[in-house]
There are 2 protein chains.
Amino acid sequence: MGTTQLETVPEPKYWQLKTVLSEALDSEFAVGEILPNERELAARFGVARATLRQALEQLELEGRLQRRRGVGTTVAPPRVGVAVGTEEHAWPGAPSDAWQPVDCALRIPPAAVADALGTDRAERVHTLRRSRTSHGQPVAAELLYVPASSVPDLTAIDAPSGPARARAVLRELQRLELQGQERAVELGSARADDAKELDRLPGAPVLVVTTRFLSAGRTAALSVATYRADTCRLTFSDSGAVEIHHGPERQAS
Amino acid sequence: MGTTQLETVPEPKYWQLKTVLSEALDSEFAVGEILPNERELAARFGVARATLRQALEQLELEGRLQRRRGVGTTVAPPRVGVAVGTEEHAWPGAPSDAWQPVDCALRIPPAAVADALGTDRAERVHTLRRSRTSHGQPVAAELLYVPASSVPDLTAIDAPSGPARARAVLRELQRLELQGQERAVELGSARADDAKELDRLPGAPVLVVTTRFLSAGRTAALSVATYRADTCRLTFSDSGAVEIHHGPERQAS
DNA sequence: TAGTGGTCTAGACCACTGT
DNA sequence: CAGTGGTCTAGACCACTAC
């Protein structure tokens, strides 16, 4: 108690700005509505544009705003609940899985992936690209790594690459018996290729869902799925009906 | 194919910087080691400090760096795997749960919480604060909302607030039979109180885990747990042994 | 008190979108 | 093409930590 310093240390301007804007979004704007441009907003609040942008960045991170270069800043709809339970991240290729094959090739995976698969770091593995959409919007991009040993009967008759090859690999994978899964979620930033598929800029915040599929005591496949962190809420329940949102929402007219 | 524009559009400087720094972290630095300060790094790479900071921010977001005001920038250890399966987010108060009660009071919850609980928005509910640590470091702060109807036999004998009260509420909660849980994960930014508990600045990126506990067809309790996104990887498997990391790691001497 | 990261400014130019 | 958000600069000062 010897310290006499003020308890009301001044909050950063961008933090106050964020609060003010957040309240304005709740009360004065409808979902989809376009905000004034950054230069005007900055002038209106009497701050530098960089400071305003710091506030907007936070609001975008929280899923309240959506910004697009050349277009403007719009009020984002509430986050979409995306189910990532055992149903939707099922044994890849199962009829119930939510993914659409895009491409497939034999590639040398990142060292960390090779280690998780238990393969040699110089060994090529089947690398599938798949995508997932929700309400017509892309929500996730996946890289699925399948070591050759998991699909021993894959014939050369099938196409060497492309979606057809992807389907062939998935079909073969189905012949293995799935023992269990290990899943992890962490924050990441979108690599250039994922960003493109998710319609975001490189470096955009994403939720990375890593799933290890176990069969016969081995890692039969490894999935690294990249979800848009701004628009997605990952749900782990059966119904996916956790209805949490952050304030009043209205539809743009 | 009509477009003749260069495929090698210049990447942003901060993106290249991030790549360079990332590789340097893998090969030339040990975990815990202190990097040169921002002004020197900026000068060394020939960029403005703001640009360098943009690269550092990304690396911190990815859990590669840790920055602390007044101290410096250090190389972060690999992310800690934190289990958030049904064991660790068990029926609150069960012997197996990973949380430490901190405080408890009767408060009017946020409107969204009241809606999820099915209580009136003006009705006060038991609001417990709990914290979770891993390897001696705080990893998560939780707010647990328990409507009075879930703990009808709570006696006035117990302390009206504080950790003792929290334990009393949890004890009563145990008398209900847990039917199931619904869990969701999304990205958020730390509120001031959470930030303090997590030893971060307000606005720091966090993974928000919302759990709805169901009993007798109702929401018996709602947990909003805030995990440090920079240091945590949330695991959903039994063993929690998904060993993914991003490069060679050495210990600082 | 010296040194660190955090905030803020007032500009400039670039890349992209729509018309 | 005009208008938007994205990047970048070269400063300044502030809040915090450790000595």
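Just so it is clear: chains get the letters A, B, ... in the order the sequence lines come, proteins before strands, and each one is counted from 1.
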message = Contact between A/L144 and A/W99 at the side-chain level, heavy atoms closer than 4.5 Å - yes or no?
response = no

ask   = Under 4.0 Å between a Lys/Arg side-chain N and an Asp/Glu carboxylate O for A/D115 and A/R121?
value = yes

Distance-only donor-acceptor check, side chains B/T73 and B/R67, under 3.5 Å = no

remark   = Across all chains, not counting sequence neighbours, the salt bridge (charged side-chain N to carboxylate O under 4.0 Å, His left out) partners of B/D193 are B/R129, B/R191

message = Just to verify, what does A/V139 make a side chain to side chain contact (heavy atoms under 4.5 Å, CB included) with, not counting sequence neighbours?
response = A/R132, A/S134, A/C232

ask   = What does nucleotides 3-10 of chain C look like as a protein-contact string, B for base, S for sugar-phosphate only, - for none, at under 4.0 angstrom between heavy atoms?
value = BBBBBSB-

